[in-house]
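Data first, discussion second: the structure below is written as structure tokens.
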Amino acid sequence: MNRRKTRTIVAAAVAMGVATAGVIVGVLRGGGDGSPAAEQSAFCWGALKRGDVAALSVHPLQRYASDEGNLKGSTRADCQVGAGLDAHGVMKQTQFRLSVGGAPVNTVWYMADDVAGVSLVRAPIAGVPGWINRSMAGVLLPASCTGKLQFGNPVYVRLQVEDDQDETWRDGTLQKRMTDVLMTAATGLTRQLGCSETTFASPDTAPRLLEEHAPAAGKACGLPGFTAPVRFSKEYVTEGDFRLWSCSLGTGADAVHFTVTQDPYLVFLNTTGSAHRHAVLTCGGKRTLVQTDTQDTDLARSFRTAVAHRANCA
């Protein structure tokens with residue numbers, strides 16, 4: 001092949017690359033002549049469709065677009081969904097953000113902070129290792145997905161609404177919609193990564209956020225025999241079983257947190273800890289992880305004893 005022909009082929013390849021990049025930018029920003037951008041049909045690494053993203057809009061947009069980070073990198077990847085990028089590369093009318101990252105393994109409580117945001121009203125999502133609060137929801141992908149990406153930690157998907165949806169939908173509607181969109185994205189990613197599981201699916205019911213109550217005498221956190229110190233006048237307790245159960249006493253910097261976990265993946269991830277703050281028991285035939293961040297050894301012991309009686313632990 002002579003040099004002139006080689007230069008012609010290289011020039012054509014470069015031109016094609018520039019043209020392709022122009023098409024991608026044009027989809028997000030619109031045509032260079034001011035014409036509207038082409039309608040986008042798949043969003044956030046192809047995990048969501050138009051109906052999914054529209055479900056989280058209080059006021060539906062005429063068109064939707066997503067701006068996606070690198071899912072194959074070693075740091076958290078974010079996807080913004082809105083009306084498209086402006087001339088400065090900023091998403092207009094942002095509706096929500098979807099993030100994929102690696103969750104540090106610490107305790108169940110603080111892992112939930114990383115996966116689904118810091119919140120006293122945070123509630124578990126039924127059937128999966130995930131949680132939801134007023135404006136955020138997050139879930140860990142199945143264990144088999146961990147090695148599929150470069151995060152080096154268990155992989156999570158997190159959704160955060162950014163258009164005052166929490167001020168509009170207050171009756172559990174937002175939590176149901178967030179859960180459905182989150183799990184649609186999460187299951188879509190597991191299929192792409194080749195680590196999908198049939199049991200990893202969106203629940204039929206909406207999670208109920210925790211409510212503030214005063215600790216009952218001799219029954220703090222709903223546990224008979226567990227007495228809260230008088231300095232704690234508020235508690236937030238999970239309803240239901242001990243799959244992903246939590247209780248917070250107090251608020252702010254003085255709050256202490258207690259968790260009981262029977263989700264197999266989370267028990268597997270969090271099997272180490274100091275003796276007075278951490279224990280793995282067998283309760284009702286299930287491996288059960290009991291954790292707290294209190295520095296009060298007597299309070300931690302009292303909590304563990306109350307859990308053992310309530311959950312029929314060996």
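Just so you know, these numbers use all the heavy atoms, side chains as well, and skip hydrogens, waters and symmetry mates.
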If you define the side chain from C-beta out and look only at heavy atoms, does anything of L149 sit under 4.5 Å from V100? yes
Modelled atom types, side-chain donor and acceptor of T259 and S246, under 3.5 Å: no
Quick check on the hydrophobic clustering: are V108 and V256 connected, directly or via other members, by side-chain heavy-atom contacts under 4.5 Å? no
Can you name the closest pair of heavy atoms from A220 and P215 and give their distance? CB-CB, 4.3 Å
So, does R310 use its side chain to make a donor-acceptor pair with the main chain of G222 at under 3.5 Å? yes
Output all residues satisfying side chain to side chain donor-acceptor pair (under 3.5 Å) with R158, sequence neighbours left out; order by chain, then residue number. none
Between R122 (side chain only) and G117 (backbone N and O only), is there a donor and an acceptor less than 3.5 Å apart? yes
Kindly write out the residues that satisfy ring pair (Phe, Tyr, Trp, His ring centres under 6.0 Å) with F242, not counting sequence neighbours, or none if the list is empty. W245
In the structure I gave you, are the side-chain heavy atoms of C283 and Q262 within less than 4.5 Å of one another anywhere? yes
Taking NZ, NE, NH1 and NH2 as the nitrogens, is one of them in D78 or R76 under 4.0 Å from a carboxylate oxygen of the other? yes
Run S66 and Q40 through side-chain hydrogen bond (donor to acceptor under 3.5 Å, both in side chains) and show every step you take. CA-CA 8 Å; S66 63; Q40 198 173 331; 2.9 Å; yes
Are L281 and V290 close enough, and set up right, to give a side-chain contact (heavy atoms from CB on, under 4.5 Å), and what steps lead you there? CA-CA 8 Å; L281 309 175; V290 182; 4.0 Å; yes
Is D86 reaching over with its side chain to a backbone N or O of K92, donor-acceptor style, under 3.5 angstrom? no
Taking atom types as modelled, is there a side-chain donor on Q295 or R277 under 3.5 Å from an acceptor on the other? yes
If the condition is side chain to side chain donor-acceptor pair (under 3.5 Å), which residues does Q291 pass it with, not counting sequence neighbours? H278
Between D298 and R301, does at least one N-O distance fall below 4.0 Å, as a salt bridge requires? yes
Could you tell me whether the side chain of W109 reaches within less than 4.5 Å of the side chain of S248, counting heavy atoms only? yes
I'd like to check the side chain to side chain donor-acceptor pair (under 3.5 Å) partners of S57; sequence neighbours left out, ordered by chain and number. Y64, Q95
Can you check side-chain contact (heavy atoms from CB on, under 4.5 Å) on L120 and L210, steps first, answer last? CA-CA 7 Å; L120 291 174; L210 307 192; over 6 Å; no
How long is the gap from CE on M111 to OG1 on T261, to the nearest 0.5 Å? 10.5 Å
Rounded distance (nearest 0.5 Å) linking atom CG of L209 with atom CD of E239: 10.5 Å
In chain order, what residues pass the ring pair (Phe, Tyr, Trp, His ring centres under 6.0 Å) check against F226, with sequence neighbours excluded? F258, F303
When rounded to the nearest 0.5 angstrom, what distance separates CG in L249 from OG1 in T294? 9.0 Å
side-chain contact (heavy atoms from CB on, under 4.5 Å) assessment of E197 paired with S144: CA-CA 9 Å; E197 295 183 2; S144 57; 3.9 Å; yes
P264 meets the side-chain contact (heavy atoms from CB on, under 4.5 Å) criterion, sequence neighbours left out, with none
For R177, run the side-chain contact (heavy atoms from CB on, under 4.5 Å) check against T179, T173, D180 and tell me which one passes. T173
Value rounded to 0.5 Å, distance of CZ in R304 from CG in L299: 11.0 Å
Atom CZ of residue position R50 - does it have more than 12 heavy atoms of other residues, nucleotides or ligands inside 6.0 Å? yes
Give the cluster check for F268 versus L266: same hydrophobic cluster or not, with ILVMFWY residues linked at side-chain heavy-atom distances below 4.5 Å. yes
After noting the C-alpha distance and the side-chain angles of R134 and V121, does the key distance pass the side-chain contact (heavy atoms from CB on, under 4.5 Å) rule? CA-CA 8 Å; R134 289 194 176 98; V121 301; 3.9 Å; yes
Are V181 and V157 joined in one hydrophobic group, where the rule is that I, L, V, M, F, W and Y side chains link up if heavy atoms are under 4.5 Å apart? yes
Who pairs with H213 by side-chain contact (heavy atoms from CB on, under 4.5 Å), at least two apart in sequence or on another chain? E211, E235
Main-chain N/O of Y110 paired with T107 side-chain donor or acceptor, under 3.5 Å: yes
Between CD of Q165 and CD of Q175, what distance do you get to the nearest 0.5 Å? 11.0 Å
Could you pull out all residues at least two apart from D166 that satisfy side-chain contact (heavy atoms from CB on, under 4.5 Å)? L174
side-chain contact (heavy atoms from CB on, under 4.5 Å) involving T190 - partner list, sequence neighbours excluded: L141, P142, C145, T187, C195, S196, F200
Any chain of hydrophobic side-chain contacts (each under 4.5 Å) joining M178 to V115? no
Over all heavy atoms of both residues, which pair between F96 and V53 is shortest? Give the atoms and the distance, please. CZ-CG1, 3.7 Å
Set of side chain to side chain donor-acceptor pair (under 3.5 Å) partners for Y236, sequence neighbours left out: E212
Considering non-hydrogen atoms only, spot the tightest contact between V280 and L289 and give its length. CG2-CD1, 3.9 Å
Ring pair (Phe, Tyr, Trp, His ring centres under 6.0 Å) with W45: which residues, sequence neighbours excluded? none
Can you tell me how far apart CG (D254) and NZ (K234) are? Round to the nearest 0.5 Å. 12.0 Å
Evaluate the side-chain proximity of C313 to T282: yes if any heavy-atom separation is below 4.5 Å, no if none is. no
Please list, chain by chain and in numerical order, all residues satisfying salt bridge (charged side-chain N to carboxylate O under 4.0 Å, His left out) with E162, sequence neighbours excluded. R97
Indicate yes or no for a side-chain donor-acceptor contact from D293 to the backbone of H257 under 3.5 Å, with no hydrogens or angles considered. yes
Would L182 end up clustered with L56 when hydrophobic side chains under 4.5 Å apart are linked, directly or stepwise? yes
Could you tell me whether a side-chain N or O of E68 sits under 3.5 Å from a main-chain N or O of C44, the two making a donor and an acceptor? yes
Where is the tightest heavy-atom contact between V128 and A201, given as atom of each residue plus distance? CG1-O, 3.7 Å
Heavy atoms only: give me the nearest P154-Y265 pair and the separation to one decimal. CB-OH, 3.5 Å
On a heavy-atom basis, which atom in A306 and which in P224 lie closest, and how many Å separate them? CB-O, 3.8 Å
